[in-house]
Participant: 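Below you'll find the structure I mean.
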Amino acid sequence: MSDSAAQKPTVEAEQPLTHTPSQRYLSTRGGDYGLSFEEVVLKGLAQDGGLFIPEEIPSLPHDWQTSWKDLSFSELAFELLSLYISPSEIPPADLKSIISKSYSTFRAGDTTPLVPLQAADNLYLLELFHGPTFAFKDVALQLLGNLFEYFLVRRNKGKEGKERHHLTVVGATSGDTGSAAIYGLRGKKDVSLFILHPNGKVSPIQEAQMTTVLDANVHNLAVEGTFDDCQDTVKALFSDPEINSTLNLGAVNSINWARILAQTTYYFHSYFSLLRSLPSPNITPQIRFIVPTGNFGDILAGYFAKRMGLPAEKLVIATNENDILDRFWRTGQYSKKPVHGLKAEGGVPADGVKAHVDGVKETLSPAMDILVSSNFERLLWFLAYEFAAGAKMDEEWNKKQAGQEVESWLKALKTSGGFGVHTEILDSAKRDFESERVSDAQTLETIQKFYNASQKYILDPHSAIGVAASLRSIARTDKKTHHISLATAHPAKFAGAVMMALSDDEAFSFDTVLPEEFVGLEKKERRVITVEKGVGWEGIRKIVTDEVEKELAGSW
Ligand SMILES: *Cc1c(COP(=O)(O)O)cnc(C)c1O
């Protein structure tokens, strides 16, 4: 990973101290301490391969329940982000305007509305898909794009032409991340964005969403090959000295800390929405959040919210058939284990299930098709830290132990495909989390069930996984427990699965699902570079450097 994108922090040494202590970041593998927010946002990944986490989880102001209860989404985001970003790094007025710009692109007045789904069971859906690309990743990537822009504008003040710090963001996508990143970064000064997708292998809507963005700084590469080929190319570029000597590479994948932070807001926002909807708002009900999970980013934001003091009784992980997390919570073993019935070479096994070579299974919820969950490493650090704290040594020792433990687990994952944790660690993971695994068949059943309910709600396959897990949780908890199930995408984005579930229903027509923004999208002008099979990562490197050069020549 490029390191040049994050030079010295721009914090001025002589800033007056405010009441907020300065917030610093460390790497989960123990190699980095004391980094600024700007550094962790621009770097993405730590030099030792670890992920960045705050050195302290801040606690909420003592009167948060009353003073925050009527805040808008953006106001709430400002209060929360202020606990993690020192005012000397981003002055409060600037932070406010970054946030309000980021959420002005959402269609729902409430940004992330909470809607009742099955009132008799106190089941609610938290709709996170009202941003520009109709998926929950917009909540984080709209903010990340504006943070990149803010830091670059500041670094480039008074600089001209080649002196300017230019960031080249490269990412691979199977659909959702790519479109959300494109809408987050389009038109941003001093940033070029390259998104690689496997040609013909992303949903038609997602392909149209990505390639119809015509801003000069957005470059779509349709690569002949699989998603893994795209990801391998991105990895090769990040570790290539040649491109790193000419361009500052940046990342937008879900390991960026700013993405996690941005997502904490809707946990608080939905909590207050729920309280407002209850007949006696002074009684805090027992609340569970249920989260369709892939890379563990969305639910990790819930963990931070809970640790800060949000009264959530449990966070429920809902996986699809790529169930490494569910297996961990059941056994304490985190292991890649090949999916049953796959040929070693991948491709199409006898039972007709398509799979990648590495054992990821293709399901109806592709945004959750992962072999390992990258953000899980952040939770592992906190679990290891708590375990170390049992030894009653000092703070510094605990942190060092945690870093070493994470380092050795991740090494075992790489070399032997998995690792197990101490039962005490598993028990402490179970205090905050439960887990459920939902199959494709159960996903389809759930879509059908809620379409046939009186409300006729159409769930997307990812949201349906959350709802299926919610129903299981409802069946085993106290009747008074309130369940908030996170809805991560609009059904129109995953037409294939929705049609599979509902097309037998005479009354169903997909046109009723399609938002006006998608109508005619496939006929719009597109800009995309097709990358033929033999081009390889070095050929792609040339495309990237040439395109950046052309783009910069055009802008001066
Ligand atoms: C990315 C994504 C998820 C998974 O979120 P993680 O943060 O990776 O756990 C779930 N649903 C949809 C629609 C997504 O795009």
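Just so you know, residue 1 is the first one in the sequence shown, and it goes up from there. Numbering of ligands and ligand atoms starts at 1, following listing order.
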Participant: Has D460 got a side-chain atom pairing as donor or acceptor with S463's backbone, closer than 3.5 angstrom?
Facilitator: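 It does hold such a pair.
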
Participant: Write out the residue and atom name of the closest protein heavy atom to atom 13 (C) of ligand 1, then the distance separating them to 0.1 Å.
Facilitator: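 Its nearest protein heavy-atom neighbour is D176 OD2, 3.2 Å.
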
Participant: Run the numbers for me: atoms of ligand 1, each under 4.0 Å from some heavy atom of G297, listed by number.
Facilitator: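 Listed by number with element, the hits are 6 (P), 7 (O), 9 (O).
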
Participant: Counting from 1, what ligand 1 atoms have a heavy atom of T293 closer than 4.0 Å?
Facilitator: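 By the 4.0 Å cutoff, the relevant atoms are 9 (O).
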
Participant: May I ask you to check if R378 and F382 form a cation-pi contact, with NZ or CZ under 6.0 angstrom from the six-membered ring centre and within 45° of the axis?
Facilitator: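 Here R378 fails the 6.0 Å and 45° test against F382.
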
Participant: Between F136 and ligand 1, which part of the residue brings a heavy atom under 4.0 Å of the ligand: side chain, backbone, both or neither?
Facilitator: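 Under 4.0 Å from ligand 1, F136 contributes side-chain atoms alone.
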
Participant: Hey, are N320 and D440 close enough side-chain-wise for a donor-acceptor pair under 3.5 Å?
Facilitator: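 Distance-only check fails for D440 and N320.
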
Participant: Look at R437 together with D326 and state whether they make a salt bridge at an N to O cut-off of under 4.0 Å.
Facilitator: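 Salt bridge flag = no for D326 with R437.
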
Participant: Within the structure, does A489 bring an N/O atom to less than 3.5 angstrom of an N/O atom in ligand 1?
Facilitator: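 No - when backbone and side-chain N and O of A489 are compared with those of ligand 1, no distance drops under 3.5 Å.
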
Participant: Would you check if there is a donor-acceptor pair between the side chains of T363 and S365 at a distance under 3.5 Å?
Facilitator: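 Side chains of S365 and T363: pair found under 3.5 Å.
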
Participant: How far is atom 9 (O) of ligand 1 from its nearest protein heavy atom, and which residue and atom is that?
Facilitator: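 Going by distance alone, atom 9 (O) of ligand 1 is nearest to G294 N, 2.8 Å.
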
Participant: Below 4.0 angstrom, N of the basic side chain to O of the carboxylate: do R307 and D432 qualify?
Facilitator: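 No.
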
Participant: Test your reading of the structure: does F296 have an N or O sitting under 3.5 Å from an N or O of ligand 1?
Facilitator: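 Yes, F296 has an N/O under 3.5 Å of an N/O on ligand 1.
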
Participant: Between R476 and E434, is the closest basic N to carboxylate O distance under 4.0 Å?
Facilitator: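 A salt bridge is present here (some side-chain N lies under 4.0 Å from a carboxylate O).
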
Participant: May I ask you to identify, for M368, whether its side chain, its backbone, both or neither come under 4.0 Å of ligand 1 on a heavy-atom basis?
Facilitator: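 Just the side chain.
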
Participant: Who's the nearest protein heavy-atom neighbour of atom 8 (O) of ligand 1, and how far?
Facilitator: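 Of the protein heavy atoms, N295 N, 2.7 Å lies nearest.
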
Participant: Specify the protein heavy atom at minimum distance from atom 2 (C) of ligand 1: its residue, its atom name, and the distance to 0.1 Å.
Facilitator: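 Of the protein heavy atoms, K137 NZ, 2.5 Å lies nearest.
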
Participant: Considering only heavy atoms, does D298 approach ligand 1 within less than 4.0 Å through its side chain, its backbone, both, or neither?
Facilitator: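 For D298, the contact with ligand 1 is made by both the backbone and the side chain.
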
Participant: Is there any N or O on T488 that sits under 3.5 Å from an N or O of ligand 1?
Facilitator: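 Yes, at least one N or O pair falls under 3.5 Å.
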
Participant: Could you report the tightest heavy-atom contact between A46 and D32, atom names first, then the distance?
Facilitator: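 That would be CB-OD2, 3.9 Å.
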
